[in-house]
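Since we're looking at a predicted model, the values are computed, not measured. Only this structure's heavy atoms are used, side chains among them; waters, hydrogens and symmetry mates stay out. Both ligands and their constituent atoms are indexed starting at 1 by order of listing.
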Amino acid sequence: MLPALTMGDPAGIGPELTIDAWKHLREHDEGFVWIGDPRLIAGIPVQVVAGPEEAGSVFAQALPVMPVHLPAKVTPGQPDPALASGVIESIERATALALEGRVSAVVTNPISKAVLKAAGFGFPGHTEFLASLCGVPGEEIMMLASPRLRVVPVTVHVSLREALDTLTARRIVQVGKTLAEALRRDFGLEAPRIAVAGLNPHAGEGGVMGVEERTMIEPAIAALRDAGIDASGPYPPDTLFTDIARPLYDAALCMYHDQALIPLKTLDMANGVNVTLGLPIVRTSPDHGTAFSIAGTGTADPASLLAALRMARDLGARRATVRGTGS
Ligand SMILES: NC(=O)c1ccc[n+]([C@@H]2O[C@H](COP(=O)([O-])OP(=O)(O)OC[C@H]3O[C@@H](n4cnc5c(N)ncnc54)[C@H](O)[C@@H]3O)[C@@H](O)[C@H]2O)c1
Ligand SMILES: N[C@H](C(=O)O)[C@H](O)COP(=O)(O)O
C-alpha cells in the first residue's frame with residue numbers, strides 16, 4: 001500500500017518537489033499517489049487514476065494522480081486565497097483514504113497558514129486540521145525528527161505570550177506520555193529516554209531566573225517517571241542540543257515551538273521530517289514551508305520531502321505489523 005501525497009499550496013514549491021520525488025522514487029521501486037491538479041505537473045508523464053490501488057502499477061511509468069480541480073490560475077510564488085478550496089480538498093481526500101485503510105499514510109506538501117487563514121480556514125495548519133478530520137482534536141502532537149535529533153514542543157502554533165500563559169504541568173505530562181508511546185510503537189525504542197527542557201535561561205538557575213521549572217516542569221517530570229517513563233530534566237535549553245548532550249536522549253520535550261524547531265532546522269533541515277503523533281493515521285511532512293521566494297525556479301531541495309516519504313513508508317509498515325500482531 002502506498003502513501004498519499006497532498007498538493008500543498010500550488011504556488012509554493014510543492015508541485016516541483018512532487019516531480020523531483022517521482023523522478024527519484026521511481027528508480028527505487030517505491031511510490032505514492034498524488035492528490036492534486038494535473039495542470040501543475042509539467043515535464044513528466046502523468047496518469048489519472050480512480051483510486052490509490054492503481055498507483056503502484058503506474059508509478060514506474062507515470063505520476064499517478066487523483067485529480068483536484070483548482071478554481072483559478074496558478075502563478076508560482078504568488079499565493080492566492082482563491083486556491084484554498086483545492087488545497088483543503090486534497091488534504092481531506094488524502095485523510096479519508098488513510099482512515100479507510102486505502103493508503104498507508106498521508107504525506108503533506110507545504111501549505112501557507114496565512115493564505116488559508118485569509119480564505120477563512122479555521123485551523124492554524126495541517127496538524128490541528130488533521131486531528132479534527134480524524135476525530136481526535138487536542139490529541140495531536142507535533143514531532144520534528146531527523147537522524148540527529150527528535151524534538152516535540154508542548155505548546156505549538158500560538159504566540160510566545162500565549163505559550164507562556166497556556167503551559168501547564170498537565171499538558172507537559174499529556175504530551176510526554178504520547179511521545180513515549182510513539183517512540184516505543186513507531187520508532188521501536190523499548191525504553192525511550194526523554195530529556196525535558198527548562199523554560200527559563202539556565203533552567204531557572206535554582207529559581208532566581210524563573211519559577212516554572214519548580215512549579216510545573218519538575219512535577220511533570222516526576223509524574224512521567226511515576227508512569228514508568230524515562231523522563232529527566234529540566235535541562236538548561238542552551239546546552240540540551242549540543243553534540244555532547246544529544247546522544248544521551250531519544251527525544252527532547254520542549255516548552256514552545258521555536259525552542260524545539262530552531263535546533264532541529266539548524267542541525268538538519270535537509271533530513272528533518274514533521275511527524276504528527278496522536279492520530280489514528282500516519283502523517284508526515286517536510287520540515288519546511290512553501291518557499292514562495294524560490295517557487296518555480298527549479299532550485300528547491302527535495303531532500304526533506306523524500307525523508308518524509310521514507311518515514312511514512314517505515315512508520316506505515318511498522319503500524320501494519322503492530323496491527324497484524326495485535327501487540
Ligand atoms: N508543514 C507545512 O505546511 C509548513 C511548514 C513550515 C512553514 N509553512 C508555511 O510556509 C510559509 C512560508 O514559511 P517560511 O518562509 O517561514 O518557511 P519556509 O520553510 O517556506 O522558507 C524558509 C526559507 O527556507 C528556504 N527553503 C524552504 N524550503 C526549501 C527547500 N525545500 N529547498 C530550498 N530552500 C528552501 C526558503 O526559500 C526560505 O528562504 C508560511 O505560510 C508557513 O506557515 C508550512
Ligand atoms: N511548525 C511546523 C514547522 O515550522 O515546520 C509547521 O509549520 C507545521 O505546520 P503544519 O501543522 O501545517 O504541518
How far does [atom1] of [X] sit from [atom2] of [Y], to the nearest 0.5 angstrom?
| X | Y | atom1 | atom2 | result |
| --- | --- | --- | --- | --- |
| N109 | L5 | CG | CG | 4.5 Å |
| T178 | I141 | OG1 | CD1 | 4.5 Å |
| Y235 | I217 | OH | CD1 | 13.0 Å |
| L264 | D287 | CG | CG | 6.5 Å |

So which protein heavy atom does [atom] come closest to, and at what separation?
| atom | answer |
| --- | --- |
| atom 11 (C) of ligand 1 | T290 OG1, 3.2 Å |
| atom 1 (N) of ligand 1 | S285 OG, 3.4 Å |
| atom 38 (C) of ligand 1 | S293 OG, 4.6 Å |
| atom 11 (O) of ligand 2 | T127 OG1, 2.6 Å |
| atom 31 (N) of ligand 1 | D301 O, 2.9 Å |
| atom 5 (O) of ligand 2 | K265 NZ, 3.0 Å |
| atom 34 (N) of ligand 1 | I294 CD1, 3.5 Å |
| atom 9 (O) of ligand 2 | K113 NZ, 2.8 Å |
| atom 41 (O) of ligand 1 | S112 OG, 3.1 Å |
| atom 20 (O) of ligand 1 | A291 N, 2.9 Å |

key: Winner among G289, G8, A114 once heavy atoms are compared against atom 8 (N) of ligand 1   = G289
key: Option set K117, H288, K265, criterion heavy-atom distance to atom 2 (C) of ligand 1, minimum   =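 That would be H288.
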key: Side chain proximity check, Y256 to L167, heavy atoms < 4.5 angstrom   =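 The answer is no; the side chains never approach within 4.5 Å.
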key: Over 12 non-hydrogen atoms of neighbours within 6.0 angstrom of CZ in R170   = no
Other residues, nucleotides, ligands: >12 heavy atoms within 6.0 Å of R214 CZ =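 No - once you tally the heavy atoms of other residues, nucleotides and ligands closer than 6.0 Å, there are 12 at most.
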With a 4.0 Å cut-off, strictly under, does [atom] pick up any protein heavy atom?
| atom | value |
| --- | --- |
| atom 25 (C) of ligand 1 | no |
| atom 13 (O) of ligand 1 | no |
| atom 6 (C) of ligand 1 | yes |

query = Looking at H126, which atoms of ligand 1 are within less than 4.0 Å of one of its heavy atoms?
reply = 3 (O)
ask   = Considering only heavy atoms of P110, which atoms of ligand 1 have at least one such atom less than 4.0 Å away?
value =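 Heavy-atom distances to P110 below 4.0 Å select 3 (O).
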task = For R283 and ligand 2, answer yes if some heavy atom of the residue is under 4.0 Å from a ligand atom, otherwise no.
result =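 For ligand 2, residue contact (heavy atoms, under 4.0 Å) with R283 is present.
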inquiry  = Tell me whether ligand 2 is touched by H288 - counting only heavy atoms on the residue side and a distance under 4.0 Å.
reply    =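 No; H288 lies far enough from ligand 2 that no heavy-atom distance drops under 4.0 Å.
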query = Under 3.5 Å, N or O to N or O, is I111 touching ligand 1 that way?
reply = yes
ask   = Does the side chain of T166 pick up a donor-acceptor pair with the side chain of R171 at under 3.5 Å?
value = no
ask   = Do the rings of H257 and H157 sit parallel, tilted or perpendicular, given the 30° and 60° boundaries?
value = tilted
key: Aromatic plane relationship, F123 with F129 - under 30° parallel, 30 to 60° tilted, over 60° perpendicular   = tilted
